[in-house]
Amino acid sequence: MKITNSKTDICANRFGGNGDVIIEHYLDESMLNDSVVMYAKVILKPGCSLGYHIHDGNSETIVVLQGTAEYNDNGKAMTLHAGDKVHCPSGEGHAIGNPADAAEDLLLQALVIKK
């Protein structure tokens, strides 16, 4: 089945982050089963970020598709590059951002699954 429609959300200052987080959902809610919360491409323009938040009852796996990310893994800062993958299990927290001086948008693939 080819997917021909999808929803895009633009979230300002998500979880206290900077700027807009653009979420292009791969699947709409009618196609998700009870265990999948979100499967989407996330776009962060230069200077934009998703603020630090704790996952409670779900986990998130992120794949960096393009760009360089500033990532906070439970307070530990690291830099992620295209092809890098990170996982945040339930009960742990993270944040991710695109540096203000970045030359390109940060593109991420995100999968959020209920625990």
Side-chain angles (χ1 to χ4, degrees):
M1 166 178 60
K2 182 177 180 180
I3 300 170
T4 58
N5 61 336
S6 60
K7 181 175 90 168
T8 298
D9 293 323
I10 300 174
C11 306
N13 308 108
R14 184 106 167 137
F15 299 117
N18 296 321
D20 292 334
V21 176
I22 303 164
I23 303 171
E24 295 181 357
H25 298 271
Y26 291 135
L27 305 174
D28 68 31
E29 292 175 4
S30 69
M31 299 173 82
L32 299 175
N33 64 35
D34 288 338
S35 65
V36 178
V37 176
M38 183 181 78
Y39 179 45
K41 178 168 68 172
V42 177
I43 303 164
L44 296 171
K45 302 238 177 248
C48 295
S49 64
L50 182 67
Y52 187 84
H53 59 285
I54 306 260
H55 281 266
D56 184 18
N58 62 56
S59 65
E60 183 171 15
T61 301
I62 295 172
V63 179
V64 179
L65 302 174
Q66 172 186 293
T68 301
E70 296 172 339
Y71 187 72
N72 175 336
D73 182 10
N74 289 292
K76 180 183 176 188
M78 61 179 71
T79 301
L80 303 176
H81 302 278
D84 287 342
K85 299 171 253 336
V86 290
H87 180 73
C88 183
S90 181
E92 296 190 17
H94 66 158
I96 193 164
N98 192 3
D101 62 351
E104 59 188 351
D105 291 350
L106 177 61
L107 303 182
L108 310 168
Q109 183 171 311
L111 176 64
V112 180
I113 299 175
K114 290 182 186 174
K115 182 178 175 185

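Just so it is clear, the values below take in all heavy atoms, side chains as well, and ignore hydrogens, waters and symmetry mates. Predicted model, so just to flag it, every value in this text is computed and none were measured.
Residue L44 holds its CG atom at 10.5 Å from CG of N18, rounded to the nearest 0.5 Å. Between M38 atom CE and L27 atom CG the span is 11.5 Å, to the nearest 0.5 Å. Taking CD1 of I43 as the reference point, atom SG of C48 lies at 11.0 Å (rounded to 0.5 Å). Put simply, CD on E92 and CG on D56 are 12.5 Å apart, with the number rounded to the nearest 0.5 Å. Rounding to the nearest 0.5 Å gives a distance of 13.5 Å between NZ of K85 and CG of L111. Atom OH of Y52 and atom CD1 of I96 lie 13.5 Å apart (nearest 0.5 Å).
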Trace of the side chain to side chain contact (heavy atoms under 4.5 Å, CB included) decision for M78 with L80: CA-CA 7 Å; M78 61 179 71; L80 303 176; 4.1 Å; yes
CA sep, side-chain torsions, deciding dist, call: D9, K7, side chain to side chain contact (heavy atoms under 4.5 Å, CB included): CA-CA 7 Å; D9 293 323; K7 181 175 90 168; 3.5 Å; yes
Evaluation steps, side-chain hydrogen bond (donor to acceptor under 3.5 Å, both in side chains), between H25 and S6: CA-CA 6 Å; H25 298 271; S6 60; over 6 Å; no
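Closest of all the heavy-atom pairs between G97 and S49 is CA-CB, 3.7 Å. Residue S59 comes nearest to P89 through the heavy atom pair CB-CA, 3.8 Å, listed as atom of the first residue, atom of the second, then distance. Taking both residues in full, the closest heavy atoms of A102 and P46 are given as O-CG, 3.5 Å, listed atom of the first, atom of the second, then distance.
Transitive grouping of hydrophobic side chains (ILVMFWY, heavy atoms separated by less than 4.5 Å) brings I3 and Y26 into a common cluster. Residues I23 and L108 share a hydrophobic cluster, clusters being chains of Ile/Leu/Val/Met/Phe/Trp/Tyr side chains in contact below 4.5 Å. Both V86 and V64 are assigned to one and the same hydrophobic cluster, defined by single-linkage of ILVMFWY side chains at heavy-atom distances under 4.5 Å. The hydrophobic cluster containing Y71 also contains V21, counting ILVMFWY residues as joined when their side-chain heavy atoms lie under 4.5 angstrom apart, directly or transitively. L106 and V63 are members of different hydrophobic clusters when ILVMFWY side chains are connected at heavy-atom separations under 4.5 Å.
Contact annotation: the side chain of D20 never approaches that of K45 to less than 4.5 Å [non-hydrogen atoms, C-beta and beyond]. Annotation: side chain of Y39 is in contact with side chain of Q109 (closest heavy-atom distance under 4.5 Å). Residues N72 and H94 form no side-chain contact, since every pair of their non-hydrogen atoms from C-beta on lies 4.5 Å or further apart.
Using modelled atom types, one side-chain atom of Q66 and one backbone atom of D105 make a donor-acceptor pair closer than 3.5 Å. In this structure, N13 contributes its side chain and G16 its backbone to no donor-acceptor pair below 3.5 Å.
Each of T61, V37, I62 was checked for a side chain to side chain contact (heavy atoms under 4.5 Å, CB included) with V112, and the lone residue meeting it is V37.
The aromatic rings of H53 and F15 lie parallel to each other, with less than 30° between the two planes, well short of the 60° mark.
Neither side chain, S90 nor H55, offers a donor N or O lying under 3.5 Å from an acceptor on the other.
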